[in-house]
Amino acid sequence: MVGHSWAETLLQKHIKTQRVRHAYLISGDEGVGKRTLALKFAMALNCSKDGEEGKHCQQCRACTLIPAGLYPDMHEITPEQGTTSIKVDQVRELMQQLALSPYESRWRIALIADFERATEEAANALLKTLEEPPEKVVVILTARDPASLLPTIVSRCEELPLRAVVKEEIIEELKKREVSEDRAALIAGIAQGRPGWAIRYADEPEKLEAREEIIGQLSQTLQASISERFDYVGGLLSPKEDLDIQRQKVLDLLRIWMGVWRDALQRSFNPEMGIVNRDQSKLVEIMNMALDSEALHGSVKAVQRTQEAIEHFVNIRLALEVLMLDLPFIRE
């Protein structure tokens with residue numbers, strides 16, 4: 001784990017004092033470490049060597065098979081191929097598995113990541129299990145925001161809210177992975193406290209290239225006419241893509257755009273302030289020269305409104321077209 005030592009300590013205490021809860025909810029931003037913490041907890045629960053101390057040896061059968069997804073007493077639900085939703089049939093099948101005694105270990109464990117993606121029927125099906133949990137079963141849910149889940153589910157879980165990890169800790173982790181100091185500082189800044197995100201971007205250079213392309217699209221959009229902006233929106237949305245996949249792709253794009261707009265807004269108040277997107281200083285400077293603080297603040301709010309609208313399942317194309325009308329024009 002990078003950061004979140006308090007959460008590790010708490011879970012170790014639950015194991016050592018034999019007060020393991022039947023359900024846990026680990027919340028936090030994408031890439032902050034939710035799934036990593038869940039897997040380490042699962043390893044500690046069933047570790048044949050150090051489990052009673054709340055730790056894991058990383059060598060026994062449980063510790064090697066759980067991360068690989070091959071342990072018979074560990075069940076993980078992910079959206080079915082081609083969709084981004086967790087369906088009720090998946091939860092019902094999981095409940096049948098949890099009703100059985102552990103096959104070879106102390107605990108039978110279920111991990112459902114990104115539970116905000118569960119359909120209403122799936123969430124209600126899981127609620128029945130949480131209300132009458134089988135013995136020797138631990139259910140671990142992860143979600144970005146507990147507010148996106150049914151309150152009755154949240155109330156039946158031990159909550160572990162993971163916050164952003166300090167930049168210096170992420171830089172040190174990247175340097176251990178032989179990332180240069182300058183590149184580590186850039187990635188850690190962009191990651192905004194999300195170590196998992198930073199590690200993925202360090203391991204997969206094409207992700208940084210895709211980010212640069214998305215920022216390039218923002219620069220071009222600011223100089224484009226309304227009709228060109230609408231054409232850009234149309235090109236983003238393929239009718240062949242699943243709606244949930246489209247939504248996630250657009251949210252990822254807007255998050256990158258938001259980072260640049262915030263850099264420009266902060267720089268407008270303090271020209272000496274460092275920026276998160278260090279490699280985009282030229283674009284940030286252009287935005288500051290062309291727009292005043294009020295226009296920059298309005299753009300930040302416009303992107304934020306669009307993110308919230310799409311998260312609440314409004315029409316994606318309509319939301320983006322409204323954004324195109326709200327964003328200012330910059331002429332070189």
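Everything numeric here is computed off the predicted structure, so don't read it as measured data.
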How close do Thr119 and Ser85 get, heavy atom to heavy atom, and via which atoms?
CG2-CB, 4.4 Å
Provide the closest heavy-atom pair for Arg229 versus Ala224 in the form atom of the first, atom of the second, distance.
NE-O, 3.5 Å
Check this for me: does any side-chain nitrogen of one of Glu321 and Arg317 sit under 4.0 Å from a carboxylate oxygen of the other?
yes
Does a side-chain heavy-atom distance below 4.5 Å link Glu76 with Arg35?
yes
Would you check if the side chain of Gln90 reaches a backbone N or O of Pro79 as a donor-acceptor pair within less than 3.5 Å?
no
Donor-acceptor pair, Ser105 side chain versus Trp107 backbone, under 3.5 Å?
yes
Spacing of Glu228 atom CD and Thr221 atom OG1 [to the nearest 0.5 Å]:
9.5 Å
With side chain to side chain contact (heavy atoms under 4.5 Å, CB included) as the criterion, how do Glu213 and Glu209 come out once you've worked through the C-alpha distance, each side chain's angles and the decisive distance to 0.1 Å?
CA-CA 6 Å; Glu213 182 178 344; Glu209 294 172 5; over 6 Å; no
On a heavy-atom basis, which atom in Ala38 and which in Leu111 lie closest, and how many Å separate them?
CB-CD1, 3.8 Å
Take Gln246 and Lys249 through the side-chain hydrogen bond (donor to acceptor under 3.5 Å, both in side chains) test and state the conclusion after the steps.
CA-CA 5 Å; Gln246 279 189 3; Lys249 181 177 72 173; over 6 Å; no
Out of curiosity, does Val179 fall in the hydrophobic cluster containing Ile190 (side-chain heavy atoms, cut-off under 4.5 Å, transitive links)?
yes
Restricting to non-hydrogen atoms, name the atom on Gly33 and the atom on Met1 that form the minimum distance, rounded to 0.1 Å.
O-CE, 3.9 Å
Taking Arg247 for its side chain and Ile310 for its backbone only, find out whether a donor-acceptor pair lies under 3.5 Å.
yes
Set of residues satisfying salt bridge (Lys or Arg N to Asp or Glu O under 4.0 Å) with respect to Asp89, sequence neighbours excluded:
Arg92
Pairs satisfying side-chain hydrogen bond (donor to acceptor under 3.5 Å, both in side chains), at least one member in residues 194-205, at least two apart:
none
When you check the gap from the basic side-chain N to the acidic O, do Glu104 and Arg61 get nearer than 4.0 Å?
yes
I need the Lys176 NZ to Ile171 CD1 distance, nearest 0.5 Å.
13.0 Å
Using the rule that Ile, Leu, Val, Met, Phe, Trp and Tyr join whenever any side-chain heavy atoms are under 4.5 Å apart, tell me whether Leu265 and Phe329 fall into a single cluster.
yes
What do you reckon, is CD of Glu206 surrounded by more than 12 foreign heavy atoms closer than 6.0 Å?
yes
We want to know whether Asp252 and Gln248 form a side-chain donor-acceptor pair, criterion being a heavy-atom distance below 3.5 angstrom.
yes
Nearest 0.5 Å please: distance from the OG1 atom of Thr36 over to the NE2 atom of His4.
8.5 Å
Give me each pair satisfying salt bridge (Lys or Arg N to Asp or Glu O under 4.0 Å) with a member in residues 62-71, each pair once, sequence neighbours excluded.
none
So does Gln59 get a backbone contact from the side chain of Thr64, meaning a donor-acceptor N/O pair under 3.5 Å?
no
Is there a donor-acceptor contact under 3.5 Å from the side chain of Lys34 to the main chain of Gly28?
yes
Restricting to salt bridge (Lys or Arg N to Asp or Glu O under 4.0 Å), what partner residues turn up for Glu131, sequence neighbours left out?
Arg156
Describe, in one word, how the ring planes of Tyr24 and Phe41 are oriented to each other, choosing from parallel (under 30°), tilted (30 to 60°) and perpendicular (over 60°).
perpendicular
Without swapping roles, check the side chain of Arg106 against the backbone of Cys47 for a donor-acceptor pair under 3.5 Å.
yes
Membership question, hydrophobic clusters at under 4.5 Å side-chain separation (ILVMFWY): are Val32 and Ile187 in the same one?
no
For the pair Asp114 (side chain) and Ala143 (backbone), establish whether a donor and an acceptor sit closer than 3.5 Å, ignoring hydrogens and angles.
no
Take Asn277 and Arg211 through the side-chain hydrogen bond (donor to acceptor under 3.5 Å, both in side chains) test and state the conclusion after the steps.
CA-CA 11 Å; Asn277 297 275; Arg211 165 188 163 272; 3.0 Å; yes
Given the rule in the side chain to side chain contact (heavy atoms under 4.5 Å, CB included) test, do Leu208 and Asp279 qualify, once you have shown the distances and angles that lead to the verdict?
CA-CA 11 Å; Leu208 274 179; Asp279 60 334; 6.0 Å; no
Sort out for me which residue in His14, Arg19, His22 forms a side chain to side chain contact (heavy atoms under 4.5 Å, CB included) with Glu158.
His14
I'd like to know if the side chain of His297 and the backbone of Asp292 have a donor-acceptor N/O pair within less than 3.5 Å.
no
Take Glu173 and Arg177 through the test salt bridge (charged side-chain N to carboxylate O under 4.0 Å, His left out) and record every step on the way to the result.
CA-CA 7 Å; Glu173 177 63 25; Arg177 296 168 178 265; 3.1 Å; yes
Nearest non-hydrogen partners of Ala198 and Leu174, listed with the distance:
O-CD2, 3.9 Å
Asp263 side chain vs Ile275 backbone, donor-acceptor pair below 3.5 Å:
no
Report the C-alpha distance between Leu236 and Leu253 in whole Å, list the side-chain angles of each, state the deciding distance to 0.1 Å, and finish with yes or no for side chain to side chain contact (heavy atoms under 4.5 Å, CB included).
CA-CA 10 Å; Leu236 276 178; Leu253 177 146; 4.0 Å; yes
Report yes if the side chains of Leu327 and Trp261 come closer than 4.5 Å at any heavy-atom pair, otherwise no.
yes
Distance (rounded to the nearest 0.5 Å) between Ile226 CD1 and Phe230 CZ:
5.5 Å
Using side chain to side chain contact (heavy atoms under 4.5 Å, CB included), reason through Arg144 and Glu116 one step at a time and then give a plain yes or no.
CA-CA 8 Å; Arg144 289 192 180 188; Glu116 65 269 23; 3.6 Å; yes
With a 4.0 Å cut-off, would you call Lys175 and Glu172 a salt bridge?
yes
Check the side chains of Ser268 and Ser293 for a donor-acceptor pair under 3.5 angstrom, ignoring hydrogens and angles.
yes
With hydrophobic residues grouped by side-chain heavy-atom distances under 4.5 Å, do Ile15 and Leu160 end up in a single group?
yes
Would you compute the distance between atom CG of Asp145 and atom CG of Asp29 and round it to the nearest 0.5 angstrom?
10.0 Å
Less than 3.5 Å apart, any donor N or O on the side chain of Lys301 or Gln304 sitting next to an acceptor on the other?
yes
Quick one: name the residues clustered hydrophobically with Leu98, using the 4.5 Å side-chain heavy-atom rule over I, L, V, M, F, W, Y, and just say none if it's on its own.
Leu25, Ile77, Ile86, Val91, Leu94, Met95, Ile112, Phe115, Leu126, Leu127, Leu130, Val137, Val139, Leu141, Leu149, Leu150, Ile153, Val154
Given the rule that I, L, V, M, F, W and Y join up when any side-chain heavy atoms are under 4.5 Å apart, are Leu237 and Leu323 in one cluster?
yes
Rounding to 0.5 Å, atoms CD1 (Ile256) and CD (Glu212) come to a distance of 10.5 Å
Residues Glu159 and Arg21 bridged, charged N to O under 4.0 Å
no
Side chains of His75 and Arg108, donor plus acceptor under 3.5 Å
yes
Under 4.5 Å between side-chain heavy atoms, chaining through other members, with only Ile, Leu, Val, Met, Phe, Trp and Tyr counted: pull out the rest of the cluster around Leu100, sorted by chain and number.
none
Which pair of non-hydrogen atoms, one from Tyr71 and one from Ala62, has the smallest distance, and what is that distance?
CE1-CA, 3.6 Å
